[in-house]
Amino acid sequence: MSSPPLAVASLTDPLELVAARLSGWLSARAGRDGVDPVVRPSDHADAQVNGALGLAKELGCAPRELAQEIIASGLLDDLCAEVEVAGPGFLNLTFANDVLNGLLTAVAGSERLGVEQSASPQTVVIDYSAPNVAKEMHVGHLRSTVIGDALVRMYESLGHRVIRENHIGDWGRPFGMLIEHLLDLGEDVAAAGLGQGDLDGFYKQANAKFADDEEFQRRSRDRVVLLQSGDPDTHVLWNRLVAMSTDYFNEVYSKLGVLLTNDDLMGESQYQPLMAGTIERLSQAGLMQESDGASVVFPPGFTNRDGDPLPLIVQAKTGGFNYATSDLSCVIDRVERLGANLMLYVIGAPQQQHLEMVFAVARMAGWLPDNVAAVHVAFGNVLGEDRKMLRSRSGDSVKLVELLDEAVERASAAVNEKNPDLSTDERAAVARMIGIGAVKYADLSTDRVRDYVFDWNRMLAFDGNTAPYLQYAHARICSIFRRAEEDRSVDRRFAVTETAEHDLALKLLAYPSAVADALTSNSPHKLCTYLFELAQQFTSFYEHCPVVRAEDAIREARLGLCNVTAQTLAAGLALLGIDAPERM
RNA sequence: GCCCCCGUAGCUCAGUGGAUAGAGCAACGGUUUCCUAAACCGCAGGUCGCAGGUUCGAGUCCUGCCGGGGGCGCCA
């Protein structure tokens with residue numbers, strides 16, 4: 001796999017400027033390409049260069065001497081106020097304030113805050129959310145939806161062409177039973193119930209009937225056959241059922257504030273017409289084998305519990321297709337019709353082996369050429385305080401809408417208590433931003449592959465790594481401008497002098513790198529960590545450096561820092577799909 | 001049995017092969033005639049699950065164990 005880089009090096013992050021310069025010099029010194037100077041943030045200075053240690057060994061010289069050579073090259077002279085060799089051969093860098101001022105000016109002058117558009121935009125297909133028709137959306141869908149949505153926003157911000165794919169479960173055996181239940185209830189009754197979001201009730205009733213009513217079972221099975229054979233009346237009913245569900249999904253999406261619309265729907269059913277062709281192509285490629293009556297492909301490297309090769313079953317012995325067939329058809333569709341260069345599957349971790357097998361078979365068949373990457377963006381479970389899968393008191397999975405409503409309710413109570421001056425409308429709007437933001441941020445702010453513990457008090461706290469804390473920092477800055485009676489959009493002359501200003505400037509300039517790091521690993525939590533550190537850096541600055549009551553030039557310069565901080569917080573939160581209120 | 005993921009402070013979590021492993025909660029002690037105290041500062045708190053190995057250098061890479069979770073043929 002050789003894809004062009006998804007993110008471009010920042011032209012405004014001083015660490016990256018250093019890395020770019022030293023990489024060339026060190027490569028020439030070593031006589032080979034691509035030497036990484038290993039420039040990192042440092043506890044001992046603004047940044048440290050570690051590359052001399054590794055390269056000195058390769059070149060057979062003393063690390064400290066090589067570090068001295070780097071200094072002597074003069075390459076860092078115009079960037080750094082101070083450069084010193086430390087320890088076994090580290091290079092500690094302190095950037096010059098006027099360099100930071102210049103870079104800040106460049107950043108403040110652009111909407112993009114230093115984030116470069118990709119020079120080679122990719123077509124990125126992101127598969128996420130994927131609820132099931134006639135089934136409730138629960139916390140399991142929360143993660144896929146929220147993580148996928150953040151990734152969509154991040155890739156789009158770098159100029160990539162993003163295609164959202166909501167692979168809803170709208171096909172399969174249960175639909176015979178669901179359609180029969182729809183008929184039994186009468187469409188109006190069913191529509192009323194489903195319209196109110198009682199999807200679980202509908203599904204469970206149908207399931208219960210199926211369990212102990214033989215006649216219903218027979219009708220259901222017949223109905224599946226009718227559905228699959230394209231019977232027009234059955235399809236009308238099926239369409240109704242799907243539409244009722246997608247209307248409901250859209251309500252949840254609207255509540256959550258994600259980008260998905262009906263245009264992004266690409267359910268299981270869409271791939272049905274393609275599956276026979278998929279089987280045919282596998283067969284012609286000579287990959288198909290028969291095993292216990294089923295048609296299978298054996299991708300190398302997978303074994304079952306007996307140590308035997310593990311097949312990917314693409315056609316059951318009954319002749320029916322399954323999700324492997326569907327997922328393979330899906331790969332073909334995304335590569336050949338949509339022109340995908342990168343496909344992200346935002347799906348729970350348990351699907352890992354299945355997806356690996358699908359990707360492996362697709363590569364064997366030539367459907368995934370080397371310039372197309374398929375990535376499983378896996379995530380862990382949402383746990384309750386008992387550290388087990390989050391469940392409601394009755395033991396059912398928690399309905400997503402109820403969770404979101406409770407979040408807004410809790411945020412509303414906090415806002416009412418802490419800022420009663422806001423108008424009723426504004427309070428409601430702010431409560432929504434805080435409540436939904438808190439839920440999303442809690443989901444996004446830890447490494448996605450791990451499970452996380454769902455805790456109302458923690459996610460809604462105004463302290464710590466939470467959405468409300470970041471939103472508060474942003475609102476506070478907006479408040480400064482109101483108090484100062486200053487326009488935020490005015491260009492200001494930066495004049496970093498104090499340590500707190502210097503450190504804040506450095507953090508602000510690291511934003512593009514934070515976005516790039518989050519994007520290349522598909523890990524929104526890296527952006528969260530950055531934003532939290534930025535907010536902390538800002539409050540520290542704000543404690544030490546008076547803004548509104550400072551003298552003219554200093555006041556202007558500090559207002560400039562405040563403004564870029566607010567812009568960066570808002571932009572970063574926006575990439576996560578979280579709103580930043582101007583007051584709260 | 002085989003495979004995958006996780007294991008870092010009392011709790012929740014960061015940590016790109018680099019220096020004395022960092023935050024936030026909670027605890028303790030401070031800071032409000034002062035721009036939003038919804039905040040800030042300080043103080044504590046660690047056998048990075050265990051044992052080997054690679055490396056000038058390992059929380060990070062490799063191997064083997066231990067503990068937790070998940071997956072392993074015709075559901076999606």
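Lettering follows sequence order; numbering is per chain, from 1.
- Per the geometry, CG belonging to A:Asp451 stands 12 Å off P belonging to B:rG71, to the nearest Å.
- For A:Ile480, whose side chain is taken as the heavy atoms from C-beta onward, the closest listed nucleotide among B:rG24, B:rC72, B:rU36 is B:rU36.
- Note: CG (A:Leu312) to P (B:rC72) measures 13 Å, nearest angstrom.
- For the pair A:Asp447 CG and B:rG22 P, the computed distance is 21 Å after rounding to whole Å.
- For the pair A:Asp308 CG and B:rC3 P, the interatomic distance rounds to 14 Å; values are reported in whole Å.
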- Trace of the side-chain contact (heavy atoms from CB on, under 4.5 Å) decision for A:Val490 with A:Leu559: CA-CA 10 Å; A:Val490 172; A:Leu559 282 171; over 6 Å; no
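- Annotation: the span from A:Leu444 atom CG to A:Leu527 atom CG amounts to 9.0 Å, rounded to 0.5 Å.
- Regarding contacts with the backbone of B:rA37, a side-chain N or O of A:Arg476 is found under 4.0 angstrom from either OP1 or OP2.
- Looking at heavy-atom distances under 4.0 Å, A:Gly54 makes contact with a base.
- As rounded to whole Å, 12 Å separates atom C1' of B:rG71 from atom CG of A:Leu355.
- Atom P of B:rU60 sits at a distance of 14 Å from the matching atom of B:rG52, rounded to the whole Å.
- Nucleotide B:rG59 is matched to nothing when pairs are restricted to Watson-Crick or G-U wobble geometry with both distances under 3.5 angstrom.
- Among the atoms of the strands shown, none is found under 4.0 Å from any heavy atom of A:Phe302.
- Atom-to-atom, OH of A:Tyr323 to P of B:rG71 comes out at 11 Å; the value is rounded to the nearest Å.
- For A:Arg450 and B:rG7, the shortest distance from a side-chain N or O to OP1 or OP2 is below 4.0 Å.
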- Query: Would A:Asn50 and A:Phe90 satisfy side-chain contact (heavy atoms from CB on, under 4.5 Å), going step by step from the backbone distance to the final call?
  - Reply: CA-CA 5 Å; A:Asn50 305 332; A:Phe90 300 109; 3.2 Å; yes
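- Taking atom C1' on both B:rG7 and B:rG59, the two are 11 Å apart, rounded to the nearest angstrom.
- Considering only heavy atoms from C-beta on, A:His474 stays 4.5 Å or farther from A:Ile477 through its side chain.
- Among the atoms of the strands shown, only primed sugar atoms or phosphate atoms (P, OP1, OP2) are found under 4.0 Å from some heavy atom of A:Leu310.
- Taking the six-membered ring where tryptophan is involved, the planes of A:Phe538 and A:Phe541 are tilted, since the angle between them lies from 30° to 60°.
- Looking at heavy-atom distances under 4.0 Å, A:Asp292 makes contact with a base.
- For A:Ile313, counting side-chain heavy atoms from C-beta on, the closest listed nucleotide (B:rC74, B:rC5, B:rA19) is B:rC74.
- The side chain of A:Arg173 contributes an N or O atom lying less than 4.0 Å from OP1 or OP2 of B:rC75.
- In this structure, the nucleotide among B:rG18, B:rA38, B:rC35 sitting nearest to the side chain of A:Arg549 is B:rC35.
- Nucleotides B:rA14 and B:rG70 have their C1' atoms positioned 25 Å apart, rounded to a whole Å.
- Under the Watson-Crick or G-U wobble criterion, with both distances below 3.5 Å, B:rG1 is paired with B:rC72.
- Under the Watson-Crick and G-U wobble criteria, each requiring two contacts below 3.5 Å, nucleotide B:rG67 is paired to B:rC6.
- The NZ atom of A:Lys57 sits 8 Å away from the P atom of B:rU55 (whole-angstrom rounding).
- Among the nucleotides B:rC56, B:rA76, B:rA39, the one closest to any side-chain atom of A:Glu543 is B:rA39.
- Of the candidate nucleotides B:rG18, B:rC35, B:rA39, B:rA39 has the atom nearest to the side chain of A:Thr539.
- Across all strands shown, the partner of B:rU31 is B:rA39, judged by Watson-Crick or G-U wobble contacts whose two distances both fall under 3.5 Å.
- A:Val453 comes within 4.0 angstrom of the backbone, heavy atoms only, and of no base.
- The distance from the CG atom of A:Leu504 to the OG1 atom of A:Thr565 is 4.0 Å, given to the nearest 0.5 Å.
- Distances shorter than 4.0 Å separate some side-chain N or O of A:Arg483 from OP1 or OP2 on B:rU36.
- Nucleic acid contact for A:Ser445: none, since no nucleic acid atom lies under 4.0 Å from a heavy atom of the residue.
- In this structure, A:Arg334 pairs ionically with A:Asp127, as a charged nitrogen and a carboxylate oxygen lie closer than 4.0 Å.
- Judged by Watson-Crick or G-U wobble contacts below 3.5 Å, the nucleotide B:rG45 has no partner.
- Between the P atom of B:rG70 and the CG atom of A:Asn381 lies a distance of 8 Å, rounded to the nearest Å.
- No engagement by A:Glu533 is indicated, since no non-hydrogen atom pair under 4.0 Å with the nucleic acid exists.
- Within the structure, every side-chain polar atom (N or O) of A:Thr446 is placed at least 4.0 Å from both OP1 and OP2 of B:rC13.
- Residue A:Tyr469 places at least one side-chain N or O closer than 4.0 Å to OP1 or OP2 of B:rC40.
- Residue A:Asn457 is classed as having no contact, given no heavy-atom separation below 4.0 Å to the nucleic acid.
- Counting non-hydrogen atoms under 4.0 angstrom, A:Arg458 reaches the backbone sugars and phosphates but no base.
- The base-pairing partner of B:rA23, taking Watson-Crick or G-U wobble contacts with both distances under 3.5 Å, is B:rU12.
- Residues A:Glu486 and A:Asn563 fail the side-chain proximity criterion, which asks for heavy atoms closer than 4.5 Å.
- A sub-4.0 Å separation between OP1 or OP2 of B:rA23 and a side-chain N or O of A:Gln536 is absent.
- Nearest nucleotide to the side chain of A:Asp463, out of B:rA39, B:rA14, B:rC35: B:rA39.
- Close to B:rG15, at under 4.0 Å from its OP1 or OP2, lies a side-chain N or O of A:His525.
- Among the protein residues, A:Ala56 comes within range of no part of the nucleic acid, since none of its heavy atoms lies under 4.0 Å from any strand.
- Within the 4.0 angstrom heavy-atom criterion, base atoms lie near A:Pro311.
- With values rounded to the nearest 0.5 angstrom, A:Tyr530 atom OH is found 9.0 Å from A:Ser513 atom OG.
- Between A:Arg482 and B:rU36, a side-chain N or O to OP1/OP2 separation shorter than 4.0 Å is absent.
- Between the side chain of A:Asn92 and the base of B:rA19, a donor-acceptor pair under 3.5 Å is found.
- For A:Tyr542, whose side chain is taken as the heavy atoms from C-beta onward, the closest listed nucleotide among B:rG22, B:rG71, B:rC35 is B:rC35.
- Regarding contacts with the backbone of B:rU12, a side-chain N or O of A:Arg387 is found under 4.0 angstrom from either OP1 or OP2.
- Nucleic acid contact for A:Ser479: base, since at least one base atom lies under 4.0 Å from a heavy atom of the residue.
- Of the candidates A:Tyr271, A:Tyr323, A:Trp238, A:Phe321, A:Trp238 is the only one forming a ring pair (Phe, Tyr, Trp, His ring centres under 6.0 Å) with A:Trp171.
- Using a 4.0 Å heavy-atom distance criterion, A:Ala294 is classed as a base contact.
- At a threshold of 4.0 angstrom between heavy atoms, the contacts of A:Arg583 include nucleobase atoms, whether or not backbone atoms are also involved.
- Comparing B:rG10 with B:rA26, their C1' atoms are spaced 8 Å from each other, to the whole Å.
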